[in-house]
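Predicted model, so just to flag it, every value in this text is computed and none were measured.
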Amino acid sequence: NNMTGAVTAPPAFDGDDYYTIGNPANLQFTNNWSVEAWASQSDAAPAGSFERLISKDDIGANRCFILSQKDSNGFPFAGIFVGGSLKSVTGTHDYADNNWHHYMVTHDGTNLILYVDGALEGSVATGGAMDNDPANWEIGRAQDGSAYLEGRVDTVRFYNATLSLAQVKQNYLNG
């Protein structure tokens, strides 16, 4: 079920809901960007799947960005595609606990960095700019209709700058 219009409360995603932003010109990121969200995920989903918090990925020819959580261990996962190849980082802590967590993914053209609750979860060298394929930005699923989220997402923000660790921590502390 596609959610549209103004959202007055954090939307609950129950495994078949999503929100689409489309592919607007002001979100055509390649280098020097950050993506942020507050989210919670249940641990009731099937093991082995990934639940998408935010993505720009049709799981076909148009693949750019993924922020999700693994159901098998609750670890966060961030990935971008560079020249069609996935560059990804997986966190080290289980956040599939129905509690709210702050997620931030940054890319400076060289490194993809994943933060959760104001702390570094991991990073990976990317070797270049994120692909800018014509996929839609989706909250709560992948564009092809898979990887639905069972949880909540609130306060999604996109920045056309690579936020520093100090800025990430401040955003987390601001709530």
Taking atom types as modelled and ignoring hydrogens, do the side chains of [X] and [Y] form a donor-acceptor contact shorter than 3.5 angstrom?
X: Glu138; Y: Gln143; answer: no
X: Asp117; Y: His102; answer: no
X: Glu150; Y: Gln41; answer: no
X: Asn171; Y: Gln167; answer: no
X: Asn23; Y: Gln28; answer: yes

Test side chain to side chain donor-acceptor pair (under 3.5 Å) applied to Tyr148 and Glu51, step by step: CA-CA 5 Å; Tyr148 281 95; Glu51 292 188 34; over 6 Å; no
Steps toward side chain to side chain contact (heavy atoms under 4.5 Å, CB included) verdict (Phe65, Phe81): CA-CA 7 Å; Phe65 174 85; Phe81 289 83; over 6 Å; no
Checking Asn73 against Asp94 for the side chain to side chain contact (heavy atoms under 4.5 Å, CB included) test, could you report, in this order, the C-alpha distance in whole Å, the side-chain angles of both residues, the deciding distance, and whether it holds? CA-CA 6 Å; Asn73 57 22; Asp94 181 352; 5.9 Å; no
Could you label the plane-to-plane angle of the Trp38 and Tyr172 rings as parallel, tilted or perpendicular, counting under 30° as parallel and over 60° as perpendicular?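 Parallel.
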Parallel, tilted or perpendicular: ring planes of Tyr95 versus Tyr103, cut at 30 and 60 degrees: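 Plane angle over 60°, so perpendicular.
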Do the side chains of [Y] and [X] get nearer than 4.5 Å, heavy atoms only?
X: His93; Y: Phe75; value: no
X: Asn99; Y: Ser40; value: no
X: Tyr115; Y: Leu165; value: yes

May I ask you to decide if Thr92's main-chain N or O and Glu121's side chain share a donor-acceptor pair within less than 3.5 Å?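 Between the backbone of Thr92 and the side chain of Glu121 there is a qualifying donor-acceptor contact (under 3.5 Å).
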Sidechain-backbone polar pair: Ser34 side chain, Ala161 backbone, donor-acceptor under 3.5 Å: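 Pair found, side chain donor or acceptor close to backbone of Ala161.
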Once you round to the nearest 0.5 Å, how far does OG of Ser164 lie from CG of Asp108?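 Reported to 0.5 Å precision, the distance equals 12.0 Å.
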Identify whether [X] and [Y] are in the same connected component of the hydrophobic contact network (ILVMFWY, side-chain heavy atoms under 4.5 Å).
X: Leu53; Y: Val156; answer: yes
X: Phe29; Y: Val105; answer: yes
X: Tyr19; Y: Ile54; answer: yes
X: Leu67; Y: Ile21; answer: yes
X: Ile80; Y: Val35; answer: yes

Work out which heavy atom in [X] is nearest to a heavy atom in [Y]; give both atom names and the distance.
X: Ala78; Y: Leu114; answer: CB-CD1, 4.3 Å
X: Ile66; Y: Ser68; answer: CG2-OG, 3.9 Å
X: Ser55; Y: Ala142; answer: OG-CA, 3.7 Å
X: Leu27; Y: Lys56; answer: O-NZ, 4.2 Å
X: Gly84; Y: Asp131; answer: N-OD2, 2.9 Å
X: Ile59; Y: Ser146; answer: CD1-OG, 3.3 Å

Results of side chain to side chain donor-acceptor pair (under 3.5 Å) for Thr126 - residues two or more places apart only: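 Checked Thr126 against side chain to side chain donor-acceptor pair (under 3.5 Å); matches are His107.
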Please evaluate residues Arg52 and Asp57 with respect to the criterion salt bridge (charged side-chain N to carboxylate O under 4.0 Å, His left out), reporting the C-alpha separation (whole Å), side-chain torsions for both, the decisive distance (0.1 Å), and the verdict. CA-CA 10 Å; Arg52 299 292 177 98; Asp57 180 17; 3.1 Å; yes
Apply the test side chain to side chain contact (heavy atoms under 4.5 Å, CB included) to residues Ile113 and Leu120: give CA-CA distance (whole Å), side-chain angles for both, the deciding distance (0.1 Å), then the verdict. CA-CA 8 Å; Ile113 303 173; Leu120 176 68; 3.4 Å; yes
Got more than 12 heavy atoms from elsewhere within 6.0 Å of CG, Asn160?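 Atom CG in Asn160 is not packed in, count stays at 12 or less.
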Go through Trp33 and Thr162 one step at a time and tell me if the side chain to side chain contact (heavy atoms under 4.5 Å, CB included) criterion holds. CA-CA 5 Å; Trp33 52 262; Thr162 306; 6.0 Å; no
